[in-house]
Amino acid sequence: FLMIRRPPRSTQSRSSAASDVYKRQVHGRKVGGLKTYRYKLELENIANSTNNPDNSVYYQDKYNGFINASSLMNAPVFVSKVHLLDADEILQNSVDIKTPEGEIITPNRENDDLSFDVEPYTGVTMSAAENLQSNMLFEADELLWLDSPKMIPIFYVKRTANVSDEIVNSYFSPLTTGLQIKTYAPIFGPIIGFIILTLAMVCIARLLRQERKDESTYMSALSMDTVSA
């Protein structure tokens with residue numbers, strides 16, 4: 001196994017696997033009225049070096065859907081999504097993962113994928129699903145006859161967490177209020193501005209009218225004083 005006791009291959013190019021493991025999904029998911037961005041482990045980040053040359057520095061030389069952890073474990077250990085989700089079909093079909101009742105489990109993106117939702121203004125993670133599986137690779141050699149390579153699951157971890165609407169209302173109410181103002185200000189701002197401008201013009205017109213009236217009254221009084229004299 002090439003990666004055992006070897007450092008990452010040197011490269012002058014920026015590796016997408018190191019710098020951009022998670023890709024932002026632009027669609028919003030609201031938690032307590034706050035929109036979030038979903039980040040997830042994309043196929044290109046766990047692809048082999050043929051499909052994604054950037055991953056060659058991590059010795060992702062053969063199979064899709066795995067992170068080569070052999071150098072860390074000193075054994076042919078590969079990390080994948082739970083139930084070999086997004087792994088090569090030949091490896092998915094090489095083993096049967098069963099429930100305690102004996103039913104075969106098939107990969108399910110909704111339950112087995114890895115993702116987390118981040119509120120963009122605060123950077124707070126609102127929900128997360130950490131679904132990872134550790135596997136050991138077996139390939140045919142002089143001592144072990146196999147008709148195909150097999151990725152044998154060792155264990156998997158499924159951890160989820162979600163921020164409730166009550167927590168959002170307790171700790172993020174100022175942000176929620178500010179975002180509502182930001183949303184509705186472009187709509188109601190011009191209307192309110194027009195109303196204020198109209199009232200200002202009415203007030204100015206009344207002041208000018210009152211000034212002309214006062215001036216007319218003053219001139220009339222002055223004229224009467226002149227006649228009396």
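Heads up: numbering here begins at 1 and tracks the sequence. Values below: every heavy atom of this structure, side chains too, minus hydrogens, waters and symmetry copies.
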Applying salt bridge (charged side-chain N to carboxylate O under 4.0 Å, His left out), can you list everything that pairs with D88, at least two apart in sequence or on another chain?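 Salt bridge (charged side-chain N to carboxylate O under 4.0 Å, His left out) check on D88 returns nothing, list empty.
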Which residues satisfy the salt bridge (charged side-chain N to carboxylate O under 4.0 Å, His left out) test with D96, sequence neighbours excluded?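 In terms of salt bridge (charged side-chain N to carboxylate O under 4.0 Å, His left out), with neighbours along the sequence ignored, D96 is linked to no residue.
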Please identify each residue that fulfils side-chain hydrogen bond (donor to acceptor under 3.5 Å, both in side chains) with Y156, with sequence neighbours left out.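 Not a single residue meets the side-chain hydrogen bond (donor to acceptor under 3.5 Å, both in side chains) criterion with Y156.
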Between [X] and [Y] (side chain of the first, backbone of the second, donor and acceptor by atom type, cut-off under 3.5 Å), is there such a pair?
X	Y	value
N55	N48	no
N131	D113	yes
D117	T36	no

Got a sec, which hydrophobics cluster with [X], joining ILVMFWY side chains under 4.5 Å apart, including via others?
X	result
F194	none
L208	I204
M201	L197

[X] vs [Y] side-chain heavy atoms within contact, under 4.5 Å:
X	Y	result
F78	K62	no
L132	I67	no
M151	V95	no
K158	N111	yes
L137	F66	no
Y59	V57	no
D86	R109	yes
K81	L41	yes

At what distance, to the nearest 0.5 angstrom, does [atom1] of [X] lie from [atom2] of [Y]?
X	Y	atom1	atom2	result
L43	N64	CG	CG	8.5 Å
L91	I152	CG	CD1	9.5 Å
S164	M126	OG	CE	10.0 Å
D165	K30	CG	NZ	12.0 Å
L34	T176	CG	OG1	4.0 Å
Y58	N52	OH	CG	10.5 Å

Single-linkage hydrophobic cluster V77~F138, side-chain heavy atoms < 4.5 angstrom: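 Hydrophobic grouping puts V77 with F138.
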Could you state whether I104 and L85 fall into the same hydrophobic cluster, counting links through intermediate Ile, Leu, Val, Met, Phe, Trp or Tyr residues with side-chain heavy atoms under 4.5 angstrom apart?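 Different clusters: I104 never reaches L85 through Ile, Leu, Val, Met, Phe, Trp or Tyr contacts under 4.5 Å.
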Could you walk me through whether V124 and Y171 pass side-chain contact (heavy atoms from CB on, under 4.5 Å), step by step? CA-CA 11 Å; V124 173; Y171 295 96; over 6 Å; no
Between [X] and [Y], which heavy-atom pair has the shortest distance, and what is it?
X	Y	value
M136	A75	CE-CB, 4.4 Å
D112	H83	OD2-ND1, 3.0 Å
S94	S148	CB-OG, 4.3 Å
S115	K40	CB-CB, 4.0 Å
G102	K98	O-CD, 3.7 Å
P153	N135	CA-OD1, 3.4 Å

May I have the step-by-step check of side-chain contact (heavy atoms from CB on, under 4.5 Å) for V163 and E119, ending in yes or no? CA-CA 11 Å; V163 175; E119 198 289 310; over 6 Å; no
Once you measure the plane-to-plane angle for F116 and Y39, does it fall in the parallel (<30°), tilted (30-60°) or perpendicular (>60°) bin?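 If you compare the ring of F116 with that of Y39, the planes turn out parallel.
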I46 and S80: side-chain contact (heavy atoms from CB on, under 4.5 Å), yes or no, with the steps? CA-CA 8 Å; I46 51 177; S80 70; over 6 Å; no
